[in-house]
Amino acid sequence: MGNVVEDNRPRGNRALLTGGLLVLAGAVLGLAVEYHYLGWSSIPGNSCGGRYSPCPDGTTPTIMLAFLFTFVGAFGTIGAIAAFGRRGWALPTGLLVAGALLVQWPGWQGYLWMRGPVLDVAWKAVPDRPTTVRGLGAWAVGDEAETVVRARGDALIAYDSQDGDRRWVLRAPVRESVCGMSDTVVDGIGLVAFGRHDKPCDTVWGVDVRDGRKVWARDLDGVSLFTSASDGLLAADEGTAVALADGAVRGYGLADGTPRWTMKLTEPKNVKPTDDEVECQPKVASAAGGTTRVVVNCETFLDFRSAWLVTLDNATGKETARQRLPVETEVVGALVVAAEPFTLLLTEEDERGLAAVLAYGDGGDPVQIPLTADQEDLEIDQASYGEGFLARPALTALVRDEALVIAATEPGSDSAERVVAYSLRDGQRMWHADLGIPVVALAPAGDGELAVLGANQRLWTFDAADGERRGESDGTTIREAGSLIQSSAQLLKAGDTWVVVNPDGVDQPPLLAVRP
C-alpha cells in the first residue's frame with residue numbers, strides 16, 4: 001500500500017473553536033492597526049502636550065490600547081494558527097482579515113467615545129495685504145452671522161462665514177484710515193468713520209453691509225477730540241445714526257444720512273457756578289431702544305467739574321434724563337459692555353477712585369461691580385493693553401440674562417484663567433469656573449448659554465444662570481489651530497460654525513472657522 005498523509009487540521013467543534021479564535025485574533029490585530037493610526041494621527045502637528053497645546057482627549061488611552069492590542073493580537077494569532085493546523089494559509093488568512101474588518105466600525109465608535117467632541121478647521125481666510133494693516137473691529141451680519149465684516153485701517157472686507165470667500169471689499173478714502181465703527185448693524189446699515197493722519201475722525205459713512213455699498217457720507221465739522229481709532233464714536237439704532245462731535249452729539253437718518261438734530265452738551269444749571277468757562281465733551285455713546293446714552297466729562301481749563309450719563313431721544317435729540325456719574329475726578333476710561341440692559345465700564349483718574357462696571361436698570365442708582373475685589377480682578381478690554389481691536393473692541397465680557405459674565409484673574413496670577421458671573425440686579429457674585437488656561441474670547445451660544453475660548457484651543461459652553469458646563473467638562477478640542485488663533489481674537493457663532501476673527505491678519509489668518 002502507498003503512503004497515507006495524515007491531515008492534522010481540526011474537525012467538527014474543534015474546527016469551529018479554532019476558526020473563532022482566528023477571527024478574534026484578527027479583530028484584535030485590526031483594532032491595533034486602527035488605534036495606532038487614529039492615535040498618532042490625532043496629534044496636532046505631530047506634537048502635543050503641555051499647558052497651551054494639550055493632546056486631544058483620548059489620545060493617550062488610544063495609543064496605549066494600540067500597543068496592548070498589538071501584543072495580544074500577535075501572540076493570539078500565532079496560537080490560533082498553531083491550533084488550526086499547518087496546511088494551507090488561505091483559510092486562516094481569510095478568517096484573520098474577516099475579524100479585522102468586522103471590528104473597524106465598533107473600534108471607530110469606541111475611539112469617538114474616548115476622544116470626545118472635536119472641532120476642525122473648516123477654512124482660513126487669505127492673509128492681509130499690505131503687511132502694514134491691522135484689524136480694528138468686526139460685525140456679524142444676519143441672524144446666523146452668514147457674513148462677517150472685518151474692518152482694518154484701509155478697508156472693510158466681508159467674508160462668507162461658511163467657506164471664507166470674500167463677498168465684497170470697500171476701500172477707505174485716499175489717505176484716510178478707519179477710526180470708528182458702530183457697535184451694531186441696524187437694518188443692514190453699519191456706520192464707519194475715517195480720518196487723516198493726526199487729524200480729526202470727521203468723515204462718517206453709512207454702509208450697506210449686504211453688498212458693501214456706501215449709502216451715504218457726511219463730514220462732521222468741528223470734531224477735534226478723536227484723532228485715532230477709538231470705540232464709542234458712532235452708534236446706530238432703528239432709523240437713527242448717532243455721531244460724537246466736539247462738545248455735541250449729532251443725529252442723522254440711518255437710511256440716508258440726512259441731518260436731524262444736534263445736541264450741545266452743557267453742565268446743568270444747578271451745579272455750583274464758576275467764573276471759568278466749562279467745557280463738556282462726550283466720551284462714548286451707545287444707542288438702543290429709541291434712546292442714546294452718552295458719557296460726558298465737564299471741566300474748566302484747569303479743573304475737573306463733573307461727569308454725567310446723558311440720555312437723548314433718538315427722534316428729536318432732546319435730553320430725557322441725566323444722572324451724575326459716581327466719580328470725583330476725570331473719567332479716563334469708558335466702555336459700553338452692553339447697550340441693553342445698559343452696562344458701562346467706567347474708570348476715573350484717581351487711582352483710589354471708581355473702577356467698576358455700572359449696571360443701569362430701572363433708572364435709579366446703578367449697581368456697581370468693582371473691577372478689583374478680594375476674590376479676583378476683572379479683565380474686560382484687551383485693547384487697553386495695546387492688543388486687540390481699537391475701533392470695536394472684542395471684549396472678554398458679555399451680558400446674558402441679567403448676568404455679567406467676564407474673564408477674571410485670580411489673586412497671585414498674572415493671566416485671566418477664570419470666568420465669573422455677577423448679577424446685574426444686585427452686583428452679587430453668582431458663580432465662577434476656573435479653566436486653568438487664559439481666556440481668549442467669550443461669545444453667546446444658544447439660549448441663555450455662552451461659549452468660552454481658551455488659549456489651549458479648547459471651547460467650553462456654560463449656562464449663564466448657574467455656570468453649569470455643557471458637554472465635556474474639559475471642553476471641546478479645536479484641532480490644528482494652535483498657531484492660528486491670537487490671544488486677543490473675537491469669537492462669533494455662525495450656525496454650526498465658530499468664526500475666529502484675529503486683529504493681526506498678517507502673521508495669522510484674519511479669519512478662520514472651525515466646525516464639528
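As the structure is a prediction and not an experimental result, all values here were calculated from the model. Heads up: numbering here begins at 1 and tracks the sequence.
- Nearest heavy atoms, Ala235 versus Ala285: CB-O, 4.2 Å.
- Side-chain contact check for Val357 versus Leu344: every heavy-atom pair is 4.5 Å or farther apart.
- Using a cut-off of 4.0 Å between Lys/Arg side-chain N and Asp/Glu carboxylate O, Asp183 and Arg392 are scored as not salt-bridged.
- Around the NZ atom of Lys493, the shell of radius 6.0 Å holds more than 12 heavy atoms that belong to other residues, nucleotides or ligands.
- Side chains of Thr147 and Asp160 form no contact here, defined as non-hydrogen atoms less than 4.5 Å apart.
- Taking the six-membered ring for Trp and thresholds of 30 and 60 degrees, Phe342 and Tyr360 have ring planes inclined between 30 and 60 degrees apart.
- Here the shortest heavy-atom pairing between Pro130 and Val506 reads O-CG2, 4.4 Å.
- A ring-centre distance under 6.0 Å is not found for Trp261 and Tyr252.
- Trp123 places a side-chain N or O within 3.5 Å of a backbone atom of Ser161 that can act as its donor or acceptor partner.
- Other residues, nucleotides and ligands contribute more than 12 heavy atoms inside 6.0 Å of the CG atom of Asp163.
- A side-chain donor-acceptor contact under 3.5 Å links Trp308 and Ser306.
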Subject >> Chi angles and distances behind the side chain to side chain contact (heavy atoms under 4.5 Å, CB included) call for Lys199, His197 >> reply: CA-CA 5 Å; Lys199 299 296 182 181; His197 177 68; 5.9 Å; no

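- Looking only at distances, a side-chain donor or acceptor of Gln457 sits under 3.5 Å from a matching main-chain atom of Ala455.
- Within the 4.5 Å cutoff, no side-chain heavy atoms of Leu312 are placed close to those of Thr320.
- With respect to the salt-bridge test (charged N to carboxylate O, under 4.0 angstrom), the residues Glu376 and Arg429 qualify.
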**OP:** Apply side chain to side chain contact (heavy atoms under 4.5 Å, CB included) to Trp498 and Leu453, showing your working.
**Re:** CA-CA 10 Å; Trp498 291 99; Leu453 176 62; over 6 Å; no

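- Between Val500 and Leu511, every side-chain heavy-atom pair lies at or beyond the 4.5 Å cut-off.
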Original post:
Would Val149 and Ile157 count as a side chain to side chain contact (heavy atoms under 4.5 Å, CB included) if you check the C-alpha gap in whole Å, the side-chain angles of each, and the deciding distance to 0.1 Å?
Top reply: CA-CA 6 Å; Val149 179; Ile157 304 176; over 6 Å; no

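- A salt bridge links Arg150 with Asp128: the distance from a Lys NZ or Arg NE/NH1/NH2 to an Asp or Glu carboxylate oxygen falls below 4.0 Å.
- Using a 4.0 Å cut-off between charged side-chain N and carboxylate O, Lys318 and Asp313 make no salt bridge.
- Between the side chains of Arg322 and Thr311, no donor N or O sits under 3.5 Å from an acceptor N or O.
- A pairwise comparison of heavy atoms in Arg469 and Asp434 identifies NH2-O, 3.4 Å as the closest pair.
- Leu220 approaches Leu244 most closely through the heavy-atom pair CD1-O, 4.2 Å.
- When every heavy atom of Ala391 is checked against every heavy atom of Ala229, the shortest pair comes out as N-CB, 4.4 Å.
- Checking Asp237 against Thr240 by side-chain atom types alone, no donor-acceptor pair falls below 3.5 Å.
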Original post:
Passes side chain to side chain contact (heavy atoms under 4.5 Å, CB included), Gln428 versus Tyr422? Steps please.
Top reply: CA-CA 5 Å; Gln428 296 299 308; Tyr422 288 86; over 6 Å; no

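- Between the side chains of Asp377 and Thr409, not a single donor N or O lies within less than 3.5 Å of an accepting N or O.
- Of all non-hydrogen atoms in Gln375 and Arg418, the two that sit nearest each other are O-NH1, 3.3 Å.
- Not a single donor-acceptor pair under 3.5 Å links the side chain of Asp202 to the backbone N or O of Gly195.
- Taking 4.5 Å as the limit, every side-chain heavy atom of Thr347 sits out of range of all side-chain heavy atoms of Leu354.
- Thr476 and Arg458 are not linked by any side-chain donor-acceptor pair at a separation below 3.5 angstrom, with hydrogens and angles left out of the test.
- Looking only at distances, no side-chain donor or acceptor of Trp168 sits under 3.5 Å from a matching main-chain atom of Leu156.
- You'll find the side chain of Gln490 reaches within 4.5 Å of the side chain of Phe389, heavy atoms only.
- Inter-residue side-chain proximity for Arg425 and Val367 is flagged as unmet; no heavy-atom pair is nearer than 4.5 Å.
- When only modelled atom types and interatomic distance are considered, Arg515 and Thr497 share a side-chain donor-acceptor pair under 3.5 Å.
- Proximity of Arg134 to Arg152: side-chain heavy atoms (C-beta onward) are nowhere separated by under 4.5 Å.
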